[in-house]
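Letters A, B, ... mirror the listed sequences (proteins, then strands); counts begin at 1.
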Number of protein chains: 2
Amino acid sequence: MKHLPHKTIERLSQYRRALLICAAKGKTHIFSHEIAKIQHITPVQVRRDIMLIGYTGTLRKGYNIQELIDLIGDIIDTKEGLNVAVVGIGNLGRAMINYFNGKRTKLSIVAGFDSNPDKIDRIYSGVKGYHIDRLAEIIKEENISIAIITVPAGAAPEIADKLVNAGIKGILNYTPKPVQVPSHIYLEEYDMITSLEKVAFFVKTH
Amino acid sequence: MKHLPHKTIERLSQYRRALLICAAKGKTHIFSHEIAKIQHITPVQVRRDIMLIGYTGTLRKGYNIQELIDLIGDIIDTKEGLNVAVVGIGNLGRAMINYFNGKRTKLSIVAGFDSNPDKIDRIYSGVKGYHIDRLAEIIKEENISIAIITVPAGAAPEIADKLVNAGIKGILNYTPKPVQVPSHIYLEEYDMITSLEKVAFFVKTH
DNA sequence: AGCAAGTTGTGAAATAATTAACAATTTTTC
DNA sequence: GAAAAATTGTTAATTATTTCACAACTTGCT
């Protein structure tokens, strides 16, 4: 398999989530147009994505849900799973922890970090809070490879530097302030204000 | 001006945020490569975006920061501003409210909704909490045109229906469950799990 | 003044992503 | 059992987005 488009990766993750729900309902097969409907995309796109990962459905029966779930897992998960840290145990950090709590997934949030002493040594939905000064130590100890930055915007660049020095491999930055990291570290940034402004723009322009 | 690409809209929002910070520091002009560095993109892309909105810089001096901020405002803001509601006053909902609190912007979060009686009639960073049953009423009363869905995933479709019936114009869905809305309503969905899985994928594949 | 370096603006080229079109096949219907 | 309907898989076309390449010009330097 050559490399999959970024957009396809995102959709595969979403397909899998939808498929898990269908599987839980006892459904065994699904058509491309059913997946498409759920995800607001076209059936062709679904078929193309599935083609790209080399899976093949059955004519007039659609795709076997469990097989597809497993195959998507082979592609986007690692066998042993990856450990994740949340840096910034504010509302957003706790929201992330809650989202993951109890979900069966190959990604586990195993630590939270904050500079506020009140938040240290408490357990948030099963995730322990550590002081930010122990970042490097715990990242090594717990074999954490991904960090989610949910601190106040101003602190983001400094946190990013610390994460880089601690040997993190991927960063998901949820602050509105872009951070700079060396190119061997995968960085994804998402900014809620931008999303809201985008909605506003399209509402404005009908 | 013909229509701007979606991606350009997103970047304009981000440029503006970066520019506001620069302006606050007393800077008056900025080069395309400086903006590019901040946003992890190429200078050409910045220049092209700026070209698309019809602004023009000064050779060897770059762009006038304040003029550019104002122009971006003309494009993405509405004159009178738009009112926004947050549906679901959990961690994520409160995170959104805090993000916006105090920012000078044309978007104001003016109401929060929740089904938990403990959350009603309290004020969250200046935003009042209402019971979900009053959704349609308050949306009309406060002239709310955009809603952010931050309820638990299972409740999302039902909330979306209520919002549609209440006459909302745009929806930003932060639950991992896609919702269905009529095509005249602008819908943007963002799923944190997908983003994290995407980071994991690229970490895995180096 | 003349040259070097830096910067914008933009047509053209390249790349990425989506959609159209349709052959091939299976199932259903009569 | 033939015709109609439905569905996948895929090539080709289209559309969207990014990048290249470079002319035009400004500023600084000698």
Side chains of [X] and [Y]: closer than 4.5 Å at any heavy-atom pair?
{"X": "Ile139(B)", "Y": "Glu142(B)", "value": "no"}
{"X": "Leu196(A)", "Y": "Phe100(B)", "value": "yes"}
{"X": "Val151(B)", "Y": "Thr175(B)", "value": "yes"}

Please list residues of residues 31-42 of chain B whose heavy atoms come under 4.0 Å from any atom in DNA chain C, ordered by number; otherwise none.
Phe31(B), Ser32(B), His33(B)
Residues from residues 55-65 of chain B sitting under 4.0 Å of DNA chain C, heavy atoms only?
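Only Thr56(B), Gly57(B), Thr58(B), Leu59(B), Arg60(B), Gly62(B), Tyr63(B) qualify.
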Does any N or O donor sit under 3.5 Å from an N or O acceptor when you compare the side chain of Arg11(B) with the base of dT17(D)?
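Under the 3.5 Å cut-off, the side chain and the base do not form any donor-acceptor pair.
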By a strict heavy-atom criterion of less than 4.0 Å, which residues belonging to residues 199-206 of chain A are in contact with DNA chain D?
none
For the pair Tyr174(A) and Tyr190(A), name the ring-plane relationship: parallel under 30°, tilted 30 to 60°, perpendicular over 60°.
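Perpendicular.
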Qualifying residues under ring pair (Phe, Tyr, Trp, His ring centres under 6.0 Å), relative to His29(A), sequence neighbours excluded
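His29(A) satisfies ring pair (Phe, Tyr, Trp, His ring centres under 6.0 Å) with no residue once adjacent residues are dropped.
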Could you state the interatomic distance from [atom1] ([X]) to [atom2] ([Y]), rounded to the nearest 0.5 Å?
{"X": "Asp49(A)", "Y": "Tyr15(A)", "atom1": "CG", "atom2": "OH", "result": "3.5 Å"}
{"X": "Glu10(B)", "Y": "Gln39(B)", "atom1": "CD", "atom2": "CD", "result": "11.5 Å"}
{"X": "Arg60(B)", "Y": "Phe31(B)", "atom1": "CZ", "atom2": "CZ", "result": "7.5 Å"}

Give me the atom names and distance for the closest heavy-atom approach of Phe113(B) to His131(B).
CD2-O, 3.7 Å
Mind listing the closest non-hydrogen atom pair of Gly88(A) and Asp114(A) along with its distance?
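Minimum heavy-atom contact is C-OD2, 3.7 Å.
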How far does the helix from dA1(C)-dT30(D) to dC30(C)-dG1(D) bend, going by the axes of its first and last five pairs, to the nearest 10°?
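Here the helix ends are tilted 10° relative to one another.
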Residues that [X] engages under side-chain hydrogen bond (donor to acceptor under 3.5 Å, both in side chains), provided they are two or more places apart:
{"X": "Glu34(B)", "result": "Lys27(B)"}
{"X": "Thr194(A)", "result": "Asp191(A), Ser13(B), Arg17(B)"}
{"X": "Glu141(A)", "result": "none"}
{"X": "Glu137(A)", "result": "Arg134(A)"}

Rounded off to whole Å, could you give me the NE2-to-P distance for the His29(A) and dA6(D) pair?
20 Å
Interatomic distance, Arg47(A) CZ vs dT10(D) P [rounded to whole Å]:
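Result: 11 Å.
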Tell me if a side-chain donor or acceptor on Lys106(A) pairs with a main-chain N or O of Leu82(A) at a distance below 3.5 Å.
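Here the side-chain-to-backbone pair does not exist.
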Using modelled atom types and a 3.5 Å cut-off, is there a donor and acceptor pairing between side-chain atoms of Glu67(A) and backbone atoms of Tyr55(A)?
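Absent.
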According to side-chain contact (heavy atoms from CB on, under 4.5 Å), who are the partners of Pro157(B), at least two apart in sequence or on a separate chain?
Lys177(B)
What pairs of nitrogen or oxygen atoms, one from the protein and one from nucleotides 14-16 of chain D, lie under 3.5 Å apart?
none

Lys198(A) atom NZ, neighbour heavy-atom count above 12 within 6.0 Å:
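Yes, enclosed.
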For chain A and DNA chain C, what are the first and last nucleotides along the strand, 5' to 3', with at least one atom under 4.0 angstrom from a heavy atom of the protein chain?
dA17(C) to dT28(C)
